Every structure is written in structure tokens, then in C-alpha cells.
Number of protein chains: 2
Amino acid sequence: MFQTMSVGIRHDDLRRRNRAMVISAVRRAGQPSRTEIAATTGLSHSTISAISADLIQEGILTESKASEPTALKRGRPQIGLALNPEAAAVLTVVLSLNFLSVAVIDYAGQVVAEEQLRLDTLVMPRDELIGECVAIVRRRLRDPDLDIGSVARIAMGIQGITDTHARAMLWSPITPLTDIPFADILETEFGIPATMENDCNMMAVALQWRDPERYRDDFIAILLSHGIGMGLVLKGTLFTGTHSSGGEFGHMIHRPGGALCRCGRRGCVEAYAGNYAIWRSAMKMSEDAEPVDIGDADMRALAAKAREKDGPEREAYRRAGEALGFSLGSLFALIDPAPVAMVGVSAAAFDLIEPALREAIAQTAGGQHSTSISFDTEPNELPLIREGCAMRALTFVDQEIFAPGVQARTGKHVA
Amino acid sequence: MFQTMSVGIRHDDLRRRNRAMVISAVRRAGQPSRTEIAATTGLSHSTISAISADLIQEGILTESKASEPTALKRGRPQIGLALNPEAAAVLTVVLSLNFLSVAVIDYAGQVVAEEQLRLDTLVMPRDELIGECVAIVRRRLRDPDLDIGSVARIAMGIQGITDTHARAMLWSPITPLTDIPFADILETEFGIPATMENDCNMMAVALQWRDPERYRDDFIAILLSHGIGMGLVLKGTLFTGTHSSGGEFGHMIHRPGGALCRCGRRGCVEAYAGNYAIWRSAMKMSEDAEPVDIGDADMRALAAKAREKDGPEREAYRRAGEALGFSLGSLFALIDPAPVAMVGVSAAAFDLIEPALREAIAQTAGGQHSTSISFDTEPNELPLIREGCAMRALTFVDQEIFAPGVQARTGKHVA
DNA sequence: AGGCTTTTTTTCGAGCCTCGAAAAAACACT
DNA sequence: AGTGTTTTTTCGAGGCTCGAAAAAAAGCCT
């Protein structure tokens with residue numbers, strides 16, 4: 001709205017943008033008719049007709065005759081437009097603690113192949129870790145059922161800090177290694193454009209597609225796991241930092257000079273609400289005790305014990321809730337309250353966390369309308385991360401490859 | 001980049017946007033030639049020529065023949081384009097503690113008239129406060145030198161919380177009154193579109209214009225005064241909350257359950273770094289002591305005493321620095337480090353604040369690159385607020401009134 | 001069954017807009 | 001005065017979107 005700086009709009013941009021709009025409308029709505037697209041985009045019927053004719057002719061969209069057999073309406077029946085699954089494919093790679101998973105997704109968003117692998121990420125040397133990632137992708141690309149030429153994008157997701165341009169993993173809790181330029185590695189290896197995405201950002205992207213009613217313009221996805229991560233969507237757009245990948249909510253300061261965090265600093269939220277912090281507190285260990293990774297099963301057992309009777313376990317969850325509540329309050333002071341999705345293994349223990357969290361947030365400026373702050377939980381983060389990567393890659397193809405079209409006026413295929 | 005939702009681009013939007021681009025280029029650059037505009041916007045010379053011809057003919061721009069007499073270059077000399085000062089005017093109203101000031105600004109950004117008034121905002125009843133604001137504006141509008149019809153916009157700035165739509169003051173430290181819809185009041189009174197802007201946001205806007213080198217894409221303006229306020233620019237755009245006007249940095253939680261804040265809560269940054277908090281601490285009063293407004297002269301005296309010798313005064317500033325440092329660290333964890341401008345009376349005491357601030361920020365995740373975090377100080381906030389209001393009103397006129405042009409094809413004036 | 005109504009989609013000409021190339025303008029230098 | 005250089009304007013071509021009208025594809029009714 002304010003300083004639009006940037007570059008003027010040239011004439012060809014117009015078509016590109018409106019093509020992007022049509023593609024995006026189809027991806028969002030499923031099988032909208034031309035009339036529906038005209039309504040949502042505000043463009044005229046003629047324009048939509050012309051653009052969709054082009055897109056169909058280019059093999060990006062298809063007419064889905066097999067619409068609902070209802071047809072209880074008079075008049076010419078609407079013809080649904082759908083994404084042509086064969087127009088392209090994308091590949092997602094999700095690397096998490098001791099686990100690597102790859103999926104091939106068609107242009108319509110359906111998984112067409114996948115492969116998963118257990119490995120020991122914490123101790124693998126650099127070459128081996130990279131090698132495994134490259135190898136699993138290569139196996140999928142060699143699949144005879146797959147037209148390798150149609151794979152237009154690889155989106156890799158990882159827990160940790162990535163750079164702004166989605167090129168490299170800078171730091172991750174799943175490995176002692178740092179600064180691995182996965183995007184460049186995959187790109188040079190396979191000649192397919194690739195990105196390296198932050199896990200929590202991808203969770204947020206996935207939520208936006210899964211439940212656009214609840215997660216539309218402003219919301220927060222928080223990962224409660226070994227570490228505490230956040231994906232933040234503001235005004236409908238994923239918010240990423242100016243240098244790193246996203247908001248490091250887990251390293252906001254809860255208590256200056258407080259408990260020891262895995263990052264080596266003191267008093268971070270994560271040092272109170274991360275799995276290791278809850279464990280440390282429940283075991284009555286010192287706040288200075290070195291953080292250690294706790295298995296999901298152990299965490300579930302801990303939660304069960306906390307539910308059973310009052311004691312140090314319950315108190316540990318209470319303190320986690322307090323840390324999350326005050327920090328969320330500080331965050332809400334900055335961006336105003338928004339719906340929150342709690343994801344990850346400790347989200348399954350949210351019943352133990354919520355009371356203290358709400359009590360804390362009510363003591364903050366951001367908690368003014370604390371009734372309007374609502375939480376949703378999703379214990380399993382991996383499917384979300386994969387979905388997010390898939391949607392991110394697909395929308396890239398939509399916007400950057402198909403919207404510009406044949407372009408460069410190398411001549412249209414047909415008159 | 002992600003979900004472009006929204007509406008398609010129609011053909012007439014194209015001209016509107018490119019006109020906006022040209023106007024904005026002229027406002028930013030001063031007296032650019034057509035060639036320079038073509039270069040910065042990326043549009044062709046023909047287009048710039050056509051658009052600027054229209055804008056000149058409509059009286060929005062003028063050719064400034066009286067360019068520099070240098071002309072040491074060969075070739076046809078460039079003709080500078082300038083904003084026509086008479087194209088429109090805007091009015092700024094800044095309401096601060098016991099002080100009301102109004103200015104009339106021409107389209108080129110020059111102050112053409114102003115008026116200031118002392119009043120007792122803390123005790124004035126609602127009708128009187130509103131009445132004074134309306135009256136001072138009326139006096140300026142009655143100025144015979146002013147063509148009232150040319151006043152296109154009123155921008156009012158106030159310390160405190162305003163709503164997202166820039167319509168109303170919700171809460172302010174300068175008056176016990178709440179929820180005054182100043183924008184609507186001025187609009188209905190004078191029939192001129194008006195906005196109610198947050199002071200810190202306007203400071204940020206002003207900084208962006210004053211020093212675009214330093215304050216371009218990402219920066220923070222922090223008001224160190226009675227309260228602690230913040231204006232935040234991210235990716236070149238003013239960041240405002242989803243419900244209220246902006247980030248309430250002053251009410252991030254520094255110490256859960258800590259010192260009493262003016263907002264009634266505990267542990268806010270402001271309860272350690274606001275004028276009253278520094279005073280309270282320097283006077284060795286309890287952290288529960290009721291906040292009171294301290295005059296600027298008293299604060300300057302306090303700072304002088306703190307500089308003179310070590311003691312509770314110096315310690316008070318140290319604690320303020322600590323609170324600001326940890327909170328800035330938390331903020332930087334979310335948005336990554338960015339240049340900071342410290343504004344207001346306590347910015348003049350920043351030498352007392354900075355050491356502890358830097359020490360604290362170095363202990364946070366956001367302070368990783370603490371060397372790249374730089375501070376600038378500006379003790380006087382009022383001129384900044386006024387400048388910001390002026391620029392905000394003027395860019396509104398640029399974008400929303402002049403860019404669309406005569407529009408609605410009511411026929412162009414001349415063939 | 002055939003004509004009528006309704007709704008969707010396509011076709012077609014008009015009107016803008018931007019662009020590139022060429023022309024015109026305005027100056028410095030010789 | 002003529003030449004060279006740089007800026008600005010002019011002009012025709014090509015694209016794009018739009019509105020109106022036509023065409024298409026059903027259901028409804030007699």
C-alpha cells in the first residue's frame with residue numbers, strides 16, 4: 001500500500017497475472033466452472049473463456065465432464081475445470097530426526113509414489129547424510145511409471161533454521177552438521193529446481209490448505225517437540241524473517257538468565273517447553289542440565305503419569321504452559337491474537353499445558369481478548385510438513401512456470 | 001507470493017498502477033527527468049512520456065525548467081518533473097500530552113501554515129477535547145490563503161492505540177478517555193477524508209522518507225517516553241496488527257509477574273523502561289508504586305545525575321537498558337535484526353541505556369549478529385510524527401486520488 | 001416431440017495500453 | 001552554421017480485456 005517502489009507493470013504481465021489467478025482459483029476450488037472463476041476473480045466471462053481455452057490447450061487444465069450428476073438446474077450445465085494431473089509432478093523430501101521420506105505428487109496434488117527410510121541422523125557424517133538424500137530421490141526419479149521430464153520442482157523440508165532464500169539448512173537439531181546447501185545440491189544433481197524449506201513454515205502452509213476457514217489470513221502453527229518452532233501467517237502470507245527462515249518463537253526470552261537452552265543461551269521458551277525441558281523438570285534435574293533428546297514414547301509415558309496424579313510431572317507441564325503463555329502473550333502484543341495450531345508430540349499433552357498457558361496469557365497485553373484465542377492440536381507433524389512442501393512446490397509451478405506460459409513469443413503452438 | 005487470492009487485474013488497473021508508479025517516483029526522487037523515471041520503473045520511454053503528459057495536463061505534475069544550471073552535458077538537457085504544490089493540500093493534526101498542533105502541507109510536501117496550542121489533555125472532558133481539535137482544524141481551513149477545496153486529506157496522529165482501519169483512538173496515555181472516533185468526527189465535520197494514525201507508526205513512516213538509505217526495507221522505531229511504543233517496517237511496508245494499530249512492543253513481557261505497568265499488568269518492558277519506571281527505580285520506590293507522568297525536564301535532570309556519578313539513577317537506566325535489550329532480542333528472534341531508531345526524551349539518555357542493552361541483547365537468539373544491530377537517536381518525536389502524518393496523507397492522495405485519474409471515462413478534458 | 005426458457009460458454013468488434021522505432025527537439029562543441 | 005549527443009515525442013503495431021450478441025446445452029411445458 002505504501003511505498004510500492006519496485007517495477008512498473010508491463011503489458012505482458014497482465015496476461016501472466018490473470019493466468020495465475022485462474023490457475024490458483026482452480027487449485028483452490030477444486031472443479032470450478034468458468035462462471036464461478038469469473039465471479040471470484042472479478043474478470044469478465046470473455047477473459048476467463050480465453051484464458052482457460054489456452055490453459056486447456058497447453059495441457060494445464062482439463063474439462064471434467066464427470067461433474068456431479070445432479071443437474072437439477074435448468075440451462076446449460078456448468079463444465080468443471082480441473083488441474084490436469086499429468087501437467088507436471090513435484091517431489092517432496094522431508095528430513096527429520098532419524099527419518100527420511102520422499103513422495104512424488106502429481107499436478108493435481110495426489111501422491112503417486114513414496115518411500116521412507118530410517119537412518120541415524122544424529123551421528124551420520126556429512127557425505128553420508130547428503131548421499132542418502134540424493135540416493136532416495138534418485139530411486140524415485142528412476143521409477144519407470146514416472147515421466148522424469150515432468151518433475152518440475154523439489155521441495156525439501158527440515159526441522160531447523162534455513163536461510164531466507166530457501167536454499168540451505170543453516171542449523172538443525174537432527175544433526176550436528178551445519179550449513180548444508182541442500183537446495184543447490186539437489187538442483188545440480190538432478191537439474192530440477194529445488195528449495196529447502198523450514199518445517200514449521202510448511203506446517204503453516206499445509207494448515208492453510210487443509211482448513212482455509214480457520215486458517216486464512218492470520219494464524220500461528222507451533223511445533224511442540226524436541227524444540228519449539230513456529231510458522232506464522234500474517235495477512236494471508238507466510239511470514240519469514242529478513243535473514244533466516246522464520247520466527248524463532250522458541251528462542252524468545254521467557255526468563256532472562258533462566259534455564260539452559262539447547263541453543264546454549266539461557267531463559268528461552270524452549271528451555272521450559274521443549275521435550276527435554278519438560279523431561280528435565282519432571283525428573284527434578286537442574287535447569288542447567290545438558291539438554292538431551294527424549295523419545296516420543298517416553299514423552300507419552302510422561303504425559304500419562306502427569307495425568308494420573310499431581311506431582312513433578314504435572315508441574316513440569318504447568319511450567320511449560322506458563323512459558324508458552326507468556327511468550328505467546330508477548331507475540332500477541334506484537335501481532336494481535338490469532339488462532340493457534342499446536343503440532344507435535346507434546347500437542348497430545350496439550351490438556352496438561354493449556355490451563356497454565358491460558359492463565360499466563362491472560363496476564364499479558366496480548367491476552368486481552370484471551371477468549372478469542374483458540375487452540376487446535378495435531379500430534380503428528382510429518383504429514384503436515386509433507387503436505388506443506390507439496391503445496392509450496394505446486395504453487396511455485398502454478399505461478400512461476402505455468403502462469404508465464406509459452407512466453408518469449410516463440411510462437412504459439414496452434415493458431 | 002503464496003496465495004494471491006484477491007481479484008484479477010483488469011485493463012484499466014494497468015494505467016492506474018503505472019500512473020501511481022510515476023507519481024511515486026517523482027515524490028521520492030525530487031525532480032527526476034522522464035528518462036530517469038523510465039529507468040527506475042522499467043517502463044518504456046513512450047509510456048512515461050504519455051503518462052507524464054497526462055499528469056502535467058491534469059495539473060498534478062509540473063515541468064521544473066529551473067533545473068541546476070550545470071548543464072555540462074551534451075545533448076538535449078533533461079527536464080525535471082516536480083510535484084505541483086497547488087495540486088492539493090493535506091492537513092496534519094498531532095495530539096500529544098498537553099499539546100495540539102496542526103499544519104497545512106502543500107502537495108509538494110512543504111508546510112504552508114501551522115498552529116499550535118497548549119491544553120490540559122489529562123483532565124479535559126470528552127466534548128472539550130474533541131471540540132478543541134475540531135476548532136483548530138476549522139481555523140486553519142478558514143485561512144483565506146488556503147483553497148479549502150484543495151484539502152484532500154486529514155491525517156491525525158496520536159500517542160496510544162488506534163484501530164486497524166485508522167479510524168479511532170482506542171486508548172491513549174494522554175487522556176483517560178477511550179474510543180474516540182476522531183477520523184469519523186473530522187470527516188463528518190469537514191467532509192474531508194481523515195485518518196487516525198498511531199504516533200510510532202508515523203515516526204517510522206517519517207524515517208523512511210528522511211533517510212531511505214538507512215531506513216528502507218526493515219527497521220524499527222522505538223519511542224522512549226512516558227510509555228514505550230514501536231513502529232515497525234517490514235519488507236518496506238508498515239507492519240500493523242490485525243486488530244490494533246501496531247506492535248505493542250512496550251507490553252511484551254520482560255519479567256513474568258514483575259514490576260507494575262501503567263497498563264495494570266506486570267512485567268511489561270514499559271514497567272522497566274518507561275519514564276515513570278526509570279524514575280521509580282531511580283527514586284528507589286517500590287516496583288508496585290503507581291506510575292506517574294514525569295516531565296521532560298525532570299527526566300533530563302535525572303539523566304544528568306546518572307551521568308555524574310554511579311548510583312541508583314545510573315542503575316535505573318541500566319535496568320531500562322536490560323529490559324529493552326532482552327525484549328529487542330525476543331523481537332529479533334521473530335523478525336531478525338534490523339536498524340533501530342530510538343526516539344523521544346529518553347533517547348537523549350541512550351548513552352546510559354546502551355551498554356546494558358547491548359549486553360542483554362547479546363544473550364538472546366536475536367542478538368547473534370549483535371554487531372550488525374545499530375542504533376540511532378532522535379530526542380524530539382513531534383516533528384517526526386507530523387512528517388509521518390504528512391507523508392501518509394500525501395501518499396494517499398497520490399495513490400488513491402491522483403493515480404486513478406479522471407477515471408469513469410467522463411471524457412477527457414482535451415483531445 | 002418440438003418449441004420455449006434458462007444458463008453457460010464462445011465469438012467478435014471496440015477501446016485501451018504499452019512498446020519499439022523513428023522522428024523531433026534542444027543543447028554543446030567545433 | 002553544422003555536427004554530434006541526449007532527451008522527448010510521435011506513430012503504428014500488437015495484445016489484452018470488455019460488453020454485447022450469438023451459440024450451445026440442458027430442463028420444462030404442452
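Quick caveat, the model's predicted, so the values are computed rather than measured. Below, read A as the first sequence line, B as the second, and so on, with proteins coming before strands; counting in each chain starts at 1.
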- [ ] Please determine if A/E387 and A/R392 form a salt bridge, counting it only when a charged side-chain N lies under 4.0 Å from a carboxylate O.
- [x] no
- [ ] Would you kindly check if the NZ (Lys) or CZ (Arg) of A/R27 is within the cone defined by 45 degrees around the ring axis of A/Y107 and under 6.0 Å from the six-membered ring centre?
- [x] yes
Open item on the list: With a cut-off of less than 4.0 Å, is there a side-chain N or O of A/T47 near OP1 or OP2 of D/dC18?
Closed with: yes
Open item on the list: Counting only side-chain nitrogens and oxygens, does A/R15 get under 4.0 Å of the OP1 or OP2 atom of D/dG15?
Closed with: no
- [ ] Report the nucleotide, chosen from D/dA20, D/dT10, C/dT9, that has the shortest atom-to-atom distance to any side-chain atom of A/Q78.
- [x] C/dT9
Open item on the list: Using a 4.0 Å heavy-atom cut-off, does A/I48 contact any base of the nucleic acid, only the sugar-phosphate backbone, or nothing at all?
Closed with: nothing
Task: Residue met sooner reading DNA chain C from 5', once A/A50 and B/L43 are mapped to nucleotides - done: A/A50
- [ ] Would you kindly give the CZ-to-P distance between A/R19 and D/dT17, to the nearest whole Å?
- [x] 11 Å
Open item on the list: Just so I know, are the side chains of B/W209 and B/T395 near enough to count as touching, which here means a heavy-atom distance under 4.5 Å?
Closed with: yes
Task: Spacing of B/L81 atom CG relative to D/dT7 atom P, expressed in whole Å - done: 14 Å
- [ ] For the side chain of B/S33, starting at C-beta, report the closest nucleotide among D/dT8, D/dT10, D/dT17.
- [x] D/dT8
Task: A/L83 side chain near A/L61 side chain, heavy-atom distance below 4.5 Å - done: yes
Open item on the list: Rounded to whole Å, please give me the gap between CZ in B/R74 and C1' in D/dT3.
Closed with: 8 Å
Task: Nucleotide C/dC16, atom P - distance to CG of B/N18 in whole Å - done: 17 Å
- [ ] Starting at atom CG of B/L14, determine the distance to atom P of D/dG14, rounded to an integer number of angstrom.
- [x] 20 Å
Open item on the list: Contact between A/R167 and A/D184 at the side-chain level, heavy atoms closer than 4.5 Å - yes or no?
Closed with: yes
Open item on the list: Could you tell me how far apart A/H45 (NE2) and D/dA21 (C1') are, to the nearest whole angstrom?
Closed with: 15 Å
Open item on the list: Both A/I79 and A/H11 contact DNA chain C. Taking the nearest nucleotide for each, which residue is further toward the 5' end?
Closed with: A/I79
Open item on the list: Can you measure B/R10 atom CZ to C/dC16 atom P for me and round it to whole angstrom units?
Closed with: 15 Å
- [ ] Let me know the distance between CD of B/E63 and P of C/dA25, rounded to the nearest Å.
- [x] 15 Å
TODO: For D/dT5, take OP1 and OP2 only and decide whether either is under 4.0 Å from a side-chain N or O of B/R76.
DONE: no
Task: D/dG19 base / A/S44 side chain donor-acceptor hit below 3.5 Å - done: no
- [ ] Using the closest heavy atom to pick a nucleotide of DNA chain D for each, name whichever of A/G42 or A/G75 lands nearer the 5' end.
- [x] A/G42
TODO: Would you indicate what B/T35 reaches in the nucleic acid, counting non-hydrogen atoms under 4.0 angstrom: base, sugar-phosphate, or nothing?
DONE: sugar-phosphate
